[in-house]
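These figures come from a predicted structure and were not determined experimentally. Every heavy atom of this structure was used, including side-chain atoms; hydrogens, water molecules and symmetry mates were not.
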Amino acid sequence: MANLERAPRKSMNEQLYDLLFKNYVWQSIFRTGYPNTPRNQMLAVATNVFLHLHPTRIHRTHVKITHTYCLGGLSFFMFLGLTVTGVLLMFYYVPSVERAYQDIQALETNVRFGQPPAQHAPLDGARDDHPRALAHDARLLHRRLQAPA
């Protein structure tokens, strides 16, 4: 009789590990093992369904906080504010020719914080249609364009 060796039985933890991580779906998403070298790290990012959208390496100077670092977050919160106020306006305003004026009047009088802030005059006393103000704006724009970077 041949001496057949049996494979040792797997424990419950090993069976669960094989069930979760050694199946077709998991290996189609994560095609490489643990990325322990820079080459394996780039390979894992490049072949991953979710991680391939991001760069595999980022230079140290690119993550330094600068004056433009928060512009994405600022625009996101401004978009949220615009969305919330648009949804609230949906309940109070009907964009029709017959009701538009009445709805704006109701917004200013009946809705809390509906009245816009008071219009302020320019601080230097110049009006927007004044020729000196237009010349001043043109001079500032010219200076800004000619300024060194």
Side-chain angles (χ1 to χ4, degrees), residues 10-149:
K10 292 183 178 181
S11 69
M12 189 64 147
N13 289 339
E14 291 173 341
Q15 289 176 0
L16 184 62
Y17 178 82
D18 289 344
L19 182 68
L20 291 176
F21 300 116
K22 298 215 176 198
N23 59 31
Y24 179 74
V25 174
W26 180 268
Q27 290 182 351
S28 69
I29 296 172
F30 302 103
R31 296 171 187 236
T32 60
Y34 181 75
N36 52 2
T37 64
R39 183 180 185 278
N40 287 343
Q41 287 173 357
M42 285 195 287
L43 183 64
V45 170
T47 59
N48 189 304
V49 172
F50 305 108
L51 297 179
H52 78 279
L53 299 173
H54 302 286
T56 55
R57 288 186 178 191
I58 298 175
H59 197 268
R60 186 176 301 231
T61 58
H62 295 155
V63 292
K64 192 185 302 182
I65 294 180
T66 62
H67 63 281
T68 61
Y69 192 73
C70 297
L71 289 181
L74 289 174
S75 61
F76 173 71
F77 283 114
M78 290 174 73
F79 169 75
L80 282 181
L82 184 66
T83 304
V84 168
T85 55
V87 168
L88 291 175
L89 194 60
M90 223 172 36
F91 294 111
Y92 294 105
Y93 179 73
V94 177
S96 68
V97 176
E98 295 84 21
R99 290 194 49 195
Y101 182 77
Q102 288 83 14
D103 287 345
I104 293 297
Q105 291 298 323
L107 277 173
E108 289 182 354
T109 57
N110 300 339
V111 178
R112 183 180 296 210
F113 304 117
Q115 190 166 6
Q119 298 293 324
H120 295 289
L123 294 177
D124 60 351
R127 294 177 45 130
D128 290 336
D129 58 348
H130 195 275
R132 278 191 354 222
L134 294 175
H136 174 73
D137 292 342
R139 184 175 54 104
L140 286 179
L141 179 64
H142 178 71
R143 275 190 170 177
R144 176 57 68 110
L145 292 176
Q146 298 298 327

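- Y101 pairs by the side chain to side chain donor-acceptor pair (under 3.5 Å) definition with Q105, not counting sequence neighbours.
- Not one N or O on the side chain of D103 forms a donor-acceptor pair closer than 3.5 Å with the backbone of A100.
- Looking at every heavy atom in both residues, F21 comes nearest to W26 through O-CD1, 3.2 Å.
- Rounded to the nearest 0.5 angstrom, L16 CG and K10 NZ are separated by 12.0 Å.
- For the residue pair L82 and T85, the shortest heavy atom distance occurs at O-OG1, 3.1 Å.
- Contact annotation: the side chain of F79 approaches that of T83 to within less than 4.5 Å [non-hydrogen atoms, C-beta and beyond].
- For M90, the CE atom counts as densely surrounded, since its 6.0 Å shell holds more than 12 non-hydrogen atoms of other residues, nucleotides or ligands.
- Separation of atoms CG (L74) and CZ (F76) is listed at 12.0 Å; rounding is to 0.5 Å.
- The two atoms that bring L107 and L89 nearest to each other are CD1-CD1, 3.6 Å, heavy atoms only.
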